[in-house]
There are 2 protein chains.
Amino acid sequence: MATGRTHRPATRSRGIPEATVARLPLYLRALTALSERSVPTVSSEELATAAGVNSAKLRKDFSYLGSYGTRGVGYDVEYLVYQISRELGLTQDWPVAIVGIGNLGAALANYGGFASRGFRVAALIDADPAMAGTPVAGIAVQHTDDLDRIISDNGVSIGVITTPPGAAQQVCDRLVAAGVTSILNFAPTVLSVPEGVDVRKVDLSIELQILAFHEQRKAGEDAAAEDEGAPPMRATPAGRKGPDGDMPAVMPA
Amino acid sequence: MATGRTHRPATRSRGIPEATVARLPLYLRALTALSERSVPTVSSEELATAAGVNSAKLRKDFSYLGSYGTRGVGYDVEYLVYQISRELGLTQDWPVAIVGIGNLGAALANYGGFASRGFRVAALIDADPAMAGTPVAGIAVQHTDDLDRIISDNGVSIGVITTPPGAAQQVCDRLVAAGVTSILNFAPTVLSVPEGVDVRKVDLSIELQILAFHEQRKAGEDAAAEDEGAPPMRATPAGRKGPDGDMPAVMPA
DNA sequence: ATGCCTTTGTGAACGCGTGCACAAAGATAG
DNA sequence: CTATCTTTGTGCACGCGTTCACAAAGGCAT
Ligand SMILES: NC(=O)c1ccc[n+]([C@@H]2O[C@H](COP(=O)([O-])OP(=O)(O)OC[C@H]3O[C@@H](n4cnc5c(N)ncnc54)[C@H](O)[C@@H]3O)[C@@H](O)[C@H]2O)c1
Ligand SMILES: NC(=O)c1ccc[n+]([C@@H]2O[C@H](COP(=O)([O-])OP(=O)(O)OC[C@H]3O[C@@H](n4cnc5c(N)ncnc54)[C@H](O)[C@@H]3O)[C@@H](O)[C@H]2O)c1
C-alpha cells in the first residue's frame, strides 16, 4: 500500500475545482463578518475586495455552487453563508484528534478558532506516559497506546499530527489504520498514505524559505546588473556574516 | 497606497516559476537528509520519491537553476544542497521578528526548526505590558511601543504575525513602516500591503475546512445517488447532532 | 408599464503548471 | 577507442486556473 503510486486523476471533486474549494473558506470568513454587522446583501465586487481576490474569480467560483446571486443587487449574505457552509460540510460536527501535545500541539488545543466552524477537539494524544491524564485546554491527554480505541470511540475522521518529524509517518499509519481519512500534518515530513486519504501539510519552514527567496531577489534588484561571478555578499539585509562553512569543496563537471 | 491594485504582472521571478520556488525547500530537505547519511549522489527518480513529487517535475525544476546534474549518474548531493540554498537565499542570516507572543507565538519562538536554515528569532514583540521583559525561549519579550526601533536595530526584513486577527492589519502596517518587506501571517485576516511587500499566510482553519469538504465528499460517495432534495444528515461521520441554528430563514428567488 | 442602470453569470482567450517521451550526454566496461 | 547503458534536460501537448468582456437578468425610478 502507498508504494510509489502518485497517480490521482481518479475522482474529480464533483465539478468544483480544487482552487475554488480552497477559496470558499475565505469567502465564508468575509461573509461571516458581514453577517455579524447585519449587512443584508453584498456585491461580488465588495465581497471580492474583502476576501482579497478578483471579483470575476469570485463570481466564477460561486457559479460552480449554483446561481445564488440576484442581478443588479448582489448576494444575500445569510443565504450564501449557509450555502458555502453546507458545501464545505460545516453544517455538521467534525471531531478532531491532535497527536503530539508539545509546544505546537498544546497551542492548537488552546486555540479557540477551532470550534468556531464545526471543528471540535475530541482527543489529545501523546506518547509521553508522563503526560497521560494531564489536562491541556481542559481535555485530558491520552496515551498513544489507546490511539485506535480513541479514534473509533469518538468517530474521528480528521487527525492533526504535531509530533516530531521522526514519528510522523508512524503516527500517520496508525491514524489511518484506525479509520482517519484526512490528515493535517505540521511535521516537516512527506507522508505516504493509501489512496482515499487526504493529507494537507502546514510547513512554517517552507513558507519562510519562500519569503527569503523573494527577499533576496528584492535586495538583488537594487544593486542589479552583475549577476553571476561575484560572491553574493553585498546587499545583505542583516549585515551579519556571509556564507560560511556551507560552501562545498566538491564541484562536478 | 495598497488601495485596490491587485495587478502584479510586473517583475516575474527572474525565470524561476513560483511553483518551482515553492518546491525547492522540499528538495532541500530531502537532500539534507541524504547529506547527513553521507550519500554522495542521487538520481532524479530517488530524490523525487523522497520529496514526494514527480521525477520529471523535479528535473524541470532543477533545469531552471541550471544544469547541475551529470547524465548517467545523477546529482551531487552536497553541490545541489549548496546551489538550492544559495538560490533560496539561505546562505545568509535572516533575522526574524515575531509579533504577538501568545500561545502560537510562544510555540514558534520555542521551535528549534527556525534556526536550522538561516532563520534566527531576533525579537519577540507583544502589546501586553505585563509581558515586557519576560523571557520566552531565552529571549526577552519587548513592548510594541519600541517596534520601530527593534526592527531597525536588528535589520529585520521578515516579520511573523501571531496577534489576534483584529490587531493584525495594524501590526502589519507598523512592521512595513519600520522596513519589513516580507510577512508571514498566522492571523485569519486579509492583509493589505503596499507593492513590494510579500505576504504569505498560514491558516489552520482554512486547511481544516478544505479537509472537511473532501471528507464530506468521501462520505457522500458511499451513499451516492440522491443529491439535492433531502437534508444532508445521513452519513455523518461523527453521528452527533446535525446542523442547528445555522439554517437561515431567508430564501431569495 | 417602460426604460434605465446595476450586477450577475459565463463564453472565450490566455498563460501557467504538469507530465510524457525521447534525444543528447556522459559514464563505464571491454 | 568503441559500444552500451543509464540518466539528464527539454520540446511538446494537455488541462487547469485566471481574467476579460459582455449579454442577459432583474431591480428601481418615473
Ligand atoms: N513549534 C512550532 O512552532 C513548530 C513550527 C513548525 C513545525 N513544527 C513541527 O511540529 C512538530 C511539533 O513541534 P513542537 O515544537 O510542538 O515539538 P515538541 O517536541 O514540543 O512536541 C512533540 C510532542 O510529540 C510527542 N510525541 C513524540 N513522539 C510521539 C509519538 N510517536 N506519538 C505521539 N506523540 C509523540 C512528544 O511527547 C511531544 O509532546 C514538529 O514536527 C515540528 O517540526 C513546530
Ligand atoms: N493558537 C493556534 O493554534 C492558532 C491556530 C491558527 C491561527 N491562530 C491565530 O494566531 C493568532 C494568535 O493566536 P494565539 O492562540 O497565540 O492567541 P493569543 O491570544 O494566545 O496570543 C495573542 C498575543 O498577541 C498579543 N497582542 C494583541 N494585540 C497585539 C498588538 N497590537 N501588538 C502586539 N501584540 C499584540 C497579545 O498580548 C497576546 O499575547 C490569532 O490570530 C489566531 O487566530 C492561532
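This one's a predicted model, so the numbers in the text were calculated from it and none came from an experiment. Sequence lines set the chain letters: A, B, ... in the order given, protein chains first and strands last, and positions in each chain run from 1.
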| field | Partner residues of A:Ser205 under the side-chain hydrogen bond (donor to acceptor under 3.5 Å, both in side chains) criterion, sequence neighbours left out | value | A:Gln209
| field | Separation of D:dC20 C1' from A:Glu45 CD (nearest whole Å) | value | 13 Å
Scan the side chains in residues 184-191 of chain B for donor-acceptor partners under 3.5 Å anywhere in the protein, sequence neighbours excluded, and list what turns up.
unit_1, atom_1, unit_2, atom_2, d
B:Asn185, OD1, B:Ala187, N, 3.0
B:Asn185, ND2, B:Ala187, O, 3.1
B:Asn185, ND2, B:Thr189, O, 3.2
B:Thr189, OG1, B:Pro165, O, 3.4

| Polar side-chain atom of A:Trp94 near backbone of A:Ser157 as donor-acceptor pair, under 3.5 Å | no
Atom pairs under 3.5 Å: protein N/O with N/O of nucleotides 23-26 of chain C:
unit_1, atom_1, unit_2, atom_2, d
C:dA24, N3, B:Arg71, NH1, 2.8
C:dA25, O4', B:Arg71, NE, 3.4
C:dA25, O4', B:Arg71, NH1, 3.4

| request: Quick one: list whatever passes side-chain contact (heavy atoms from CB on, under 4.5 Å) with A:Val180, sequence neighbours left out. | output: A:Ile151, A:Val156, A:Leu175, A:Ile183
| task | Just compare C:dT8, D:dG17, D:dT19 and give me whichever is closest to any side-chain atom of A:Pro17. | result | D:dG17
| request: Identify, residue by residue, the members of residues 57-65 of chain A with a heavy atom below 4.0 Å from DNA chain D, and return them in order of residue number, or none. | output: A:Lys57, A:Arg59, A:Lys60
| Of B:Thr41, B:Val42, B:Leu80, which meets side-chain contact (heavy atoms from CB on, under 4.5 Å) against B:Leu34? | B:Val42
| request: Taking side-chain contact (heavy atoms from CB on, under 4.5 Å) as the test, write out the residues that go with B:Ala48, two or more places apart. | output: B:Val53, B:Ser55, B:Leu58
| For A:Phe62, ring-ring contact (aromatic ring centres under 6.0 Å, His included) partners two or more places apart | A:Tyr27, A:Tyr75
| Name the one of B:Gln169, B:Arg174, B:Gln170 that satisfies side-chain contact (heavy atoms from CB on, under 4.5 Å) with B:Cys172? | B:Gln169
| field | Where at least one partner belongs to residues 55-73 of chain B, residue pairs that pass salt bridge (Lys or Arg N to Asp or Glu O under 4.0 Å), sequence neighbours excluded | value | B:Arg23-B:Asp61
| query | So how far off straight is the helix from C:dA1-D:dT30 to C:dG30-D:dC1, going by the axes through five pairs at either end, to 10°? | reply | 10°
| query | How many Å lie between OH on A:Tyr27 and P on C:dT8, as a whole number? | reply | 13 Å
| request: State the CG-CG distance between A:Leu208 and B:Leu90, to the nearest 0.5 angstrom. | output: 10.0 Å
| request: Whole angstrom is fine here: how far is it from CG in B:Asp76 over to P in D:dT7? | output: 16 Å
| query | Taking only residues at least two apart or on different chains, which pairs with a member in residues 31-49 of chain B satisfy salt bridge (Lys or Arg N to Asp or Glu O under 4.0 Å)? | reply | none
| field | Atom pair distance, as rounded to whole Å: CD in B:Glu18 and P in D:dT18 | value | 14 Å
| Does a salt bridge link B:Asp203 with A:Arg29, judged by any charged N lying under 4.0 Å from a carboxylate O? | yes
| task | Report yes if at least one side-chain N or O of B:Ser44 is closer than 4.0 Å to OP1 or OP2 of D:dT8; otherwise report no. | result | yes
| query | Rounding to a whole Å, what distance do you find between A:Glu46:CD and C:dT7:C1'? | reply | 11 Å
| Does OP1 or OP2 of C:dG17 have a side-chain N or O of B:Asn54 closer than 4.0 Å? | no
| remark: Between CD1 of A:Ile16 and C1' of D:dC16 the distance, given in whole Å, is 16 Å
| query | What residues, two or more places apart in sequence or in another chain, satisfy salt bridge (charged side-chain N to carboxylate O under 4.0 Å, His left out) together with A:Arg117? | reply | none
| query | Between B:Gln83 and B:Tyr79, does any side-chain donor sit less than 3.5 Å from a side-chain acceptor? | reply | yes
| field | Among D:dT18, C:dC20, D:dG9, the nucleotide that comes nearest once only the side chain of B:Ala56 is considered | value | C:dC20
Which protein N or O atoms sit under 3.5 Å from an N or O of nucleotides 28-30 of chain D?
none

